[in-house]
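Heads up, the thing below is written out as structure tokens.
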Amino acid sequence: MKYNRQKVQNRILRSTLIFLGLFGIVILRYAWIQIVDGDAMARRMDSLVNQDVKIESPRGRILDRTGRELAVSTMTKSLYVDPNHVKDADTLAADLAPLIGLSEEDIQQKIAIGGGFVWLKRRMPQEEYEAVRDLIRAKSYSECLGFKSEAKRFYPNDELAANILGFVGTDDKGLDGIEQSMDKLLKGEIQDAMLQTDVQNTPILDSIFSSKRTYKGDACKTVQLTIDAGVQFIVEQELDKAMAANNPQAVTCIVMDPKTGDILAMASRPTYNPSRFWEYNANVWRNRAVSNIYEPGSTFKSVVAGAALQEKVVTPNMTIFDPGFIMVSGHRIQNADNEALGPVSFADVVKHSLNTGFAQVGLRLGAENLTKYAKLFGFGEYTGIDLPGEEQGILFEAKNMRESDIATMAIGQSIAVTPLQLVTAISAIANDGVLLKPHIVKSVQNPDGSDYLVNERTEVRRTIDSATDKTLEGLLEQVVSSGSGKKAAVKGYRIAGKTGTAQKIRNDGAGYLDGHYIASFCGFAPVEDPQLVVLVIIDDPGTGRFYGGQIAAPVAGSIFSQLFRYFHIEPSSDPFADMEQKKETPKPKKTYEGVVPQGKVIVPDFSGMSIREAAKKASEVGVTFESEGSGYGSGQSIPMNTLVDQGTTVTVYFKPD
């Protein structure tokens with residue numbers, strides 16, 4: 001028994017020594033792997049299991065003032081190929097081509113580039129992604145094909161506000177509009193990360209990894225605009241109608257809140273779909289409201305009238321003689337209808353937009369005052385709006401102006417402005433004479449919802465005194481109630497404004513293009529409490545009609561009418577509301593059929609006459625002649641063949657033919 005016990009103990013000892021030896025070998029091997037081969041093994045492990053990936057957060061949203069989405073981003077899959085691991089390029093191309101909409105030749109060319117990474121198709125539709133994913137699984141293409149997540153921009157309203165929003169390029173870079181000007185704030189951030197995968201390149205614990213992808217940085221901000229999508233839609237509908245009715249080269253419209261400087265709508269035609277911007281001519285990408293300059297024509301007379309009233313060069317009832325045309329430094333300035341009205345009040349000069357009258361007023365103001373007030377109203381300088389490509393406009397230096405330059409500037413020529421500058425200036429008139437900075441970005445929010453930036457109402461300066469501004473508003477109201485802007489009128493509402501018709505400048509700047517015009521209207525309403533300013537510009541109409549009062553004013557009137565309903569603006573007490581009715585239904589008077597007594601005259605029939613013909617006829621008969629409107633006689637305050645005292649005043653109402 002003693003011998004057997006010794007034998008067992010020896011066996012246990014030998015076993016223990018063997019296990020200790022094996023354990024020592026393991027320890028030595030582990031130490032060798034960790035210390036000697038550690039770095040090499042770690043690199044091998046990384047190459048087999050870990051993949052470097054870039055996590056891209058979606059681009060920030062663009063909203064209208066009410067929170068409606070104008071531009072959004074979603075994460076999509078982009079397909080790439082690793083040419084180094086492609087075994088049969090022809091077969092791969094044949095399998096992929098029908099799934100991703102590329103030709104086999106295009107795919108083969110991309111594979112032929114070589115290297116370890118080549119894009120095949122970026123930002124694929126969901127159905128294409130699913131089809132390629134199934135192909136990879138079915139034919140074991142995981143070694144040479146793969147996907148990366150990228151953000152794709154969508155514009156859910158198609159063309160709506162396209163020239164404001166702009167568009168985004170392939171690399172999520174804003175290339176125009178708000179997308180460009182706010183690119184640094186909107187752009188998503190790309191972060192480097194490490195993803196662990198198995199032998200089939202399937203992410204390990206992908207759900208856990210995905211939960212850590214939530215972006216918490218400072219980019220990807222949400223930009224909220226001052227634009228109202230409802231107002232924008234109304235405006236763009238009317239511009240489409242104007243394009244169809246007038247066949248112009250382009251149409252532009254801006255709607256502004258004169259009390260805040262907020263742009264409520266800004267649109268141009270022709271336009272494009274920013275989701276497919278590459279399908280359109282690059283010319284239509286341009287935001288004409290801020291990037292185009294033009295001679296404003298008679299709409300600029302609103303500013304000249306304000307300057308003249310402020311400097312007390314004129315009063316509303318001051319008489320100015322209209323000879324039909326005047327010569328200034330060898331330059332002929334004439335009225336649009338080539339008519340002469342003789343002695344008229346300054347109020348009528350504004351109402352009928354008489355070039356001769358404004359040229360005389362401009363000369364009385366002088367170069368210094370004319371350019372001074374143009375600058376006060378914001379012309380010749382950038383507005384600073386948050387949009388790319390804004391033009392500064394062109395304004396004379398007073399010291400370089402000749403008398404002919406003064407006279408032509410006073411009628412809206414020899415000056416170049418942007419539509420945004422003009423609507424901002426008219427908004428100053430609607431805002432008691434105070435110029436505001438225009439805004440199109442209302443606010444910018446951080447990813448957590450907090451405010452990063454809020455644009456408040458910004459006063460730039462006072463342009464004219466409040467009392468002067470009230471007088472000017474009254475003159476501009478008469479333009480719409482009974483002057484050249486009557487077609488912008490909306491029954492029940494008081495609207496003030498000014499029409500404009502200007503010849504287009506030649507591309508080389510040497511003179512004007514014959515037969516090419518820019519028609520415009522800019523006005524505000526309601527006069528007693530201005531809430532809207534509307535500018536409509538019709539560039540080079542192709543129908544033969546080109547006066548602002550004929551084609552631009554009706555578009556503005558239609559926009560005003562719809563916006564009054566949209567904003568629930570109550571009708572105003574319009575002192576001019578019954579004027580047209582009174583004109584067309586004058587108090588009946590007994591017609592005379594006997595011998596004309598001494599000191600009496602018979603009122604002639606002025607219907608169908610031009611202003612010049614009517615004035616001449618009135619002078620021959622012996623009655624005092626007054627006119628309202630332009631074109632040809634359509635009515636008169638005293639019926640024809642009525643016996644009246646010699647010198648009695650007869651008002652003749654004129655309308656375009």
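With respect to Glu626 and Lys351, no salt bridge is recorded, no charged nitrogen being found less than 4.0 Å from a carboxylate O.
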Derivation and outcome, salt bridge (Lys or Arg N to Asp or Glu O under 4.0 Å), residues Arg494 and Glu477: CA-CA 7 Å; Arg494 296 174 60 189; Glu477 185 177 359; 2.8 Å; yes

Salt bridge (Lys or Arg N to Asp or Glu O under 4.0 Å) evaluation trace for Glu238 with Lys241: CA-CA 5 Å; Glu238 290 303 317; Lys241 294 177 184 177; 3.3 Å; yes

Ser353 vs Ser298, side chain to side chain donor-acceptor pair (under 3.5 Å): CA-CA, chis, key distance, verdict: CA-CA 7 Å; Ser353 195; Ser298 295; 3.1 Å; yes

Side chain to side chain donor-acceptor pair (under 3.5 Å) between Ser291 and Glu391, worked out: CA-CA 5 Å; Ser291 299; Glu391 288 287 343; over 6 Å; no

Steps toward side-chain contact (heavy atoms from CB on, under 4.5 Å) verdict (Val644, Val601): CA-CA 6 Å; Val644 297; Val601 295; 3.8 Å; yes

Criterion side-chain contact (heavy atoms from CB on, under 4.5 Å) on Ser572 and Val527, from CA distance to verdict: CA-CA 9 Å; Ser572 24; Val527 172; over 6 Å; no

Pair Thr356-Gln334, side-chain contact (heavy atoms from CB on, under 4.5 Å): steps then yes or no: CA-CA 6 Å; Thr356 56; Gln334 62 189 35; 5.5 Å; no

Pair Glu236-Arg269, salt bridge (Lys or Arg N to Asp or Glu O under 4.0 Å): steps then yes or no: CA-CA 8 Å; Glu236 294 198 16; Arg269 287 295 186 272; 2.8 Å; yes

Verdict with reasoning, Ser427 to Leu436, per side-chain contact (heavy atoms from CB on, under 4.5 Å): CA-CA 8 Å; Ser427 291; Leu436 302 181; over 6 Å; no

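Between Val650 and Phe625, the closest side-chain pair of non-hydrogen atoms is not below 4.5 Å. The side-chain heavy atoms of Phe325 and Asn355, taken from C-beta on, include no pair separated by under 4.5 Å. For the pair Lys487/Val480, no side-chain contact is recorded, criterion being any heavy-atom separation below 4.5 Å from C-beta on. For the pair Asp539/Thr252, no side-chain contact is recorded, criterion being any heavy-atom separation below 4.5 Å from C-beta on. Residues Glu459 and Leu435 have side chains not in contact (no heavy-atom distance under 4.5 Å, counting atoms from C-beta outward). Between Asp432 and Arg462, some side-chain heavy-atom pair lies under the 4.5 Å cut-off. Looking only at side-chain heavy atoms (C-beta outward), Leu472 and Leu476 come within less than 4.5 Å of each other. At a threshold of 4.5 Å between non-hydrogen side-chain atoms, the residues Ile320 and Val361 count as touching.
A donor-acceptor pair under 3.5 Å is formed between the side chain of Thr624 and the backbone N or O of Gly647. The main-chain N or O of Val344 is never found under 3.5 Å from a side-chain atom of Asp348 such that the two would form a donor-acceptor pair. Side-chain N or O atoms of Glu613 include one that pairs as donor or acceptor with a backbone N or O of Ser610 at under 3.5 Å. Formation of a donor-acceptor pair under 3.5 Å by the Ser558 side chain with backbone atoms of Val555 is not found in this model. Side chain of Thr271 to backbone of Ala267: no donor-acceptor contact under 3.5 angstrom is found. Side-chain atoms of Asp228 come within 3.5 Å of backbone N or O of Val231 as a donor-acceptor pair. The closest donor-acceptor contact from the side chain of Asn335 to the backbone of Glu339 lies under 3.5 Å. For the pair Gln562 (side chain) and Ile559 (backbone), a donor-acceptor distance under 3.5 Å is absent. One N or O on the side chain of Asp605 and one on the backbone of Ser607 form a donor-acceptor pair closer than 3.5 Å. The backbone N or O of Thr651 lies less than 3.5 Å from a partner atom in the side chain of Ser637, making a donor-acceptor pair.
Smallest separation of non-hydrogen atoms from Ala525 and Ile495: CB-CG1, 3.7 Å. Looking at every heavy atom in both residues, Lys259 comes nearest to Asn431 through CA-OD1, 3.9 Å. The nearest pair of heavy atoms linking Ala289 to Ser268 is N-OG, 4.3 Å. Annotation for Glu403 and Ser329: closest pair CB-OG, 3.5 Å, computed over non-hydrogen atoms. Val350 approaches Val479 most closely through the heavy-atom pair O-CG2, 3.7 Å. Between Pro554 and Gly549, the closest heavy-atom pair is CD-O, 3.9 Å.
Aromatic ring centres of Phe564 and Tyr493 lie closer together than 6.0 Å. Ring centroids of Phe300 and Phe379 are separated by less than 6.0 Å, placing the two rings close together.
Atoms CD1 and CZ, on Ile638 and Phe606 in that order, are 9.0 Å from each other to the nearest 0.5 Å. Atoms CD1 and OG1, on Ile537 and Thr299 in that order, are 7.5 Å from each other to the nearest 0.5 Å. Interatomic distance, CD1 of Ile227 versus CE of Met266, reported as 6.5 Å (0.5 Å rounding). Distance check, rounded to the nearest 0.5 Å: CG of Asp405 to CD of Gln413 gives 11.0 Å. Residue Lys600 holds its NZ atom at 6.0 Å from CG of Leu643, rounded to the nearest 0.5 Å. Note that CD1 of Ile164 and CD1 of Ile263 are 8.5 Å apart. Values are rounded to the nearest 0.5 Å.
Side-chain contact check for His516 and Asp540: at least one donor-acceptor pair (N or O, by modelled atom type) lies under 3.5 Å. Judged by distance alone, the side chains of Arg286 and Asn163 never bring a donor and an acceptor atom under 3.5 Å apart. Between the side chains of Lys437 and Thr383, no donor-acceptor pair is found at a separation under 3.5 Å.
Within 6.0 Å of the CZ atom in Arg364, the count of heavy atoms belonging to other residues, nucleotides or ligands exceeds 12. The 12-atom threshold is not exceeded at NZ of Lys616, counting heavy atoms of other residues, nucleotides or ligands nearer than 6.0 Å.
Checked against side-chain hydrogen bond (donor to acceptor under 3.5 Å, both in side chains), Glu473 has no partners two or more places apart in sequence or in another chain. Contacts of Phe377 classified as ring-ring contact (aromatic ring centres under 6.0 Å, His included), with partners at least two apart in sequence or in another chain: none.
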Hey, can you pull the donor-acceptor pairs under 3.5 Å for the side chains in residues 305-317, sequence neighbours left out?
unit_1, atom_1, unit_2, atom_2, d
Gln310, OE1, Asp465, N, 2.9
Gln310, OE1, Thr468, OG1, 3.0
Gln310, NE2, Asp465, OD2, 2.9
Glu311, OE2, Tyr373, OH, 2.4
Thr315, OG1, Met318, N, 3.3

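Here the options are Glu295, Lys504, Gln503, the test is side-chain hydrogen bond (donor to acceptor under 3.5 Å, both in side chains), and the partner is Tyr512; only Glu295 passes.
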